Amino acid sequence: MSKNQPTPKWLTIVGIGEDGLAGLGDEAKRLIAEAEIVFGGKRHLALVTSLAKGEQRPWPVPFDAGMADVLALAGRRVCVLASGDPFFHGVGATLARKVEPQEMHVIPAPSAISLAAARLGWALQDIEMVSLHGRPLDLIRPLLQPNARILALTSDADAPAAIARLLTELDFGASRLTVLEALGGPNEKQRSARADAFDLGDINPLNVLALELESTPEARILPLTIGRADHLFEHDGQITKHDIRAITLAALAPRRGELLWDIGAGSGSIGIEWMLAHPSMRAIAIEANSERAARTTRNAAHCGVPGLVVVEGKAPKALAGLATPDAIFIGGGGSVSGVFNAAIKALRSGGRMVANAVTLEMETLLLAQHTKRGGDLTRIAISRASPVGSMQAWRPAMPVTQWSWVKP
């Protein structure tokens with residue numbers, strides 16, 4: 001094809017709601033009718049069966065995220081049916097990773113989130129949104145803030161009750177939960193209950209859960225800043241304390257979508273806080289002790305970042321084959337022979353490394369690295385007031401030597 005000729009739009013993606021054909025415009029109806037092949041879920045295909053003239057193909061089970069069947073038909077008139085807005089946690093975003101935008105004609109419908117906000121009178125820019133469809137419920141934990149409003153896409157009829165139990169467990173039991181079912185269709189329904197008295201049954205699997213949060217003083221709330229309180233993490237003493245952790249995360253300087261290696265993770269607090277900086281952040285925690293590795297996994301779930309990858313093993317051997325990191329933190333095990341060399345070799349160009357030392361042996365290694373490679377050395381000394389008889393005095397914590405470096 002000539003460079004001056006436009007690329008034909010062979011793929012049509014149509015967002016469809018529970019109202020089926022009634023909610024579609026003339027253009028969407030025409031494109032569905034003209035398609036040679038129409039892909040969609042069985043429910044969506046049933047909604048357009050009177051209109052579609054081409055071959056109807058339900059999605060395979062299990063679902064093929066690679067979209068091989070659709071891509072194999074490139075150049076033919078193909079239509080894909082999607083729920084609501086295809087680019088809000090939908091199949092449109094999946095296809096866009098494989099198909100150029102100029103090859104697609106997309107006609108979105110309102111997303112379930114938009115419909116829910118409209119029913120409740122909530123301004124979308126003022127609320128939190130999360131997709132729990134096929135994903136861990138723990139992802140909602142960082143959003144649990146006093147007086148917050150949340151709209152959550154759920155996976156099934158059981159999710160609202162499970163979220164109600166979680167809220168009650170975390171001392172958000174007075175929160176109001178509203179289940180909005182089959183939005184936009186003839187079976188639409190809206191019901192509400194308190195989290196600690198949730199008794200709604202026979203819930204449609206197609207539901208959005210709206211949360212209006214009410215907390216007690218004892219509620220488990222994850223602050224929005226780095227250096228979260230140590231009591232939020234289960235640990236055996238092997239934890240980067242909250243004030244040192246705040247300084248360490250500032251030195252690591254998280255940026256959107258980056259991957260961190262947390263070597264000698266202990267409780268996992270550094271990797272967890274790294275991931276809490278933004279939903280796109282990724283982290284791998286490397287920990288030789290099996291009990292601590294299991295504890296790190298629990299901490300990650302309880303802090304709302306269940307995607308933290310925990311590798312049980314001893315560095316440097318455990319580092320082999322891991323994805324290339326954008327940043328590395330060495331908190332424990334840095335004095336083991338070969339750890340620094342392996343970590344530095346793995347770090348991408350422009351990546352950041354931060355290492356903390358409290359022992360003389362580890363500090364000696366950091367001084368040697370600084371002499372060899374440059375970077376910044378910082379001595380962190382913190383004192384806390386504590387009782388001395390009937391009075392107060394400063395009690396110094398063990399000083400921490402921190403080396404930070406950017407790989408050329």
Side-chain angles (χ1 to χ4, degrees), residues 1-21 23-115 124 129-135 139 153 155 183-184 206 256-259 278-282 307 323-324:
M1 178 178 294
S2 169
K3 291 183 178 180
N4 296 323
Q5 288 182 308
T7 302
K9 294 181 182 293
W10 62 272
L11 177 61
T12 297
I13 306 176
V14 175
I16 187 168
E18 286 301 293
D19 50 358
L21 295 180
L24 297 179
D26 291 341
E27 184 183 25
K29 292 177 181 178
R30 176 180 62 80
L31 290 168
I32 293 172
E34 292 178 353
E36 297 176 59
I37 301 98
V38 180
F39 286 91
K42 291 181 179 179
R43 180 172 57 88
H44 289 147
L45 292 173
L47 291 172
V48 303
T49 189
S50 63
L51 179 67
K53 298 182 176 64
E55 178 187 353
Q56 298 181 37
R57 294 192 190 178
W59 294 121
V61 178
F63 183 74
D64 176 22
M67 294 287 166
D69 291 346
V70 175
L71 298 177
L73 297 168
R76 298 179 66 180
R77 294 193 306 276
V78 178
C79 179
V80 169
L81 303 177
S83 295
D85 186 341
F87 282 85
F88 185 74
H89 298 287
V91 72
T94 302
L95 283 164
R97 291 193 286 267
K98 308 284 186 178
V99 181
E100 294 297 323
Q102 57 268 28
E103 298 179 57
M104 297 188 295
H105 189 163
V106 182
I107 304 176
S111 69
I113 291 291
S114 292
L115 290 173
L124 283 171
M129 293 173 277
V130 63
S131 174
L132 303 176
H133 186 76
R135 305 168 74 197
L139 290 170
L153 293 174
S155 285
L183 283 164
L206 299 172
R256 192 183 193 281
E258 289 188 324
L259 172 65
H278 191 269
S280 68
M281 306 304 287
R282 299 167 294 137
T324 301

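The basis for the numbers below is simple: all heavy atoms, side chains too, and nothing from hydrogens, waters or symmetry mates. What you see is a predicted model, and the numbers here were worked out from it, not measured in a lab.
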Exercise for review: Walk me through it: do Glu103 and Leu11 pass the test side chain to side chain contact (heavy atoms under 4.5 Å, CB included)?
Suggested key: CA-CA 6 Å; Glu103 298 179 57; Leu11 177 61; 5.8 Å; no

Study note, to complete from the structure: For residues 27-76, the ring-ring contact (aromatic ring centres under 6.0 Å, His included) pairs (sequence neighbours left out) are Phe39-Trp59, Trp59-Phe63

Point to revise | His278 versus Ser280, side-chain donor and acceptor atoms under 3.5 Å | key: yes

Review point. From Phe87 CZ over to Ser111 OG, what is the distance, rounded to the nearest 0.5 angstrom?
Key: 13.5 Å

Practice item. Flag the pair Pro58 / Leu45 as yes when at least one side-chain heavy-atom distance between them is below 4.5 Å, and no otherwise. Key: yes

Review point. Which heavy atom in Leu259 sits nearest to a heavy atom in Thr324, and how many Å separate them?
Key: CD2-O, 3.5 Å

Check your understanding: Yes or no on side chain to side chain contact (heavy atoms under 4.5 Å, CB included) for Val14 and Cys79, after CA distance, side-chain angles and deciding distance?
Key -> CA-CA 7 Å; Val14 175; Cys79 179; 4.0 Å; yes

Point to revise | NE2-CG distance between His89 and Leu132, expressed to the nearest 0.5 angstrom | key: 9.5 Å

Revision key, fill the gap. To the nearest 0.5 Å, atom CG of Leu81 lies from atom CD of Gln56 at 8.5 Å

Practice item. Please name the pair of heavy atoms, one in Ser155 and one in Arg135, separated by the smallest distance, quoted to 0.1 Å. Key: OG-N, 4.4 Å

Check your understanding: Side-chain contact, heavy-atom cut-off 4.5 Å: Ser114 with Asp85?
Key -> no

Check your understanding: Counting N and O atoms only, with roles assigned by atom type, does the side chain of Arg282 sit under 3.5 Å from a partner on the main chain of Gly257, one being a donor and the other an acceptor?
Key -> yes

Practice item. Heavy atoms only: give me the nearest Asp19-Gly184 pair and the separation to one decimal. Key: CB-O, 3.2 Å

Study note, to complete from the structure: So CG of Asp64 and CG of Asp69: to nearest 0.5 Å the spacing works out to 6.5 Å

Practice item. Count the heavy atoms belonging to other residues, nucleotides or ligands that lie under 6.0 Å from NZ of Lys98, then report whether that count exceeds 12. Key: no

**Study point:** Gap between atom CE of Met104 and atom CG of Leu95 - 0.5 Å precision
**Key:** 7.0 Å

Check your understanding: What's the shortest heavy-atom distance between Met129 and Ile113, and which atoms?
Key -> SD-CG2, 3.3 Å

Review point. Can you name the salt bridge (charged side-chain N to carboxylate O under 4.0 Å, His left out) partners of Arg57, sequence neighbours left out?
Key: Glu55

**Study point:** Which atom of Ser50 lies closest to which atom of Leu21, heavy atoms considered
**Key:** OG-CD1, 3.4 Å

**Study point:** Rounded distance [0.5 Å steps], OG in Ser83 versus CG in Leu183
**Key:** 12.0 Å

Exercise for review: Look only at the side chain of Glu36 and the backbone of Arg77, and say whether a donor-acceptor pair between them is shorter than 3.5 Å.
Suggested key: yes

Review point. Any idea which heavy atoms bring Glu27 and His105 closest together, and the distance?
Key: OE2-CE1, 2.8 Å

Practice item. Show your reasoning for whether side chain to side chain contact (heavy atoms under 4.5 Å, CB included) applies to Leu24 and Ile32. Key: CA-CA 10 Å; Leu24 297 179; Ile32 293 172; 3.7 Å; yes

Check your understanding: Going by heavy atoms in the side chains, are Met67 and Val80 under 4.5 Å from each other?
Key -> no

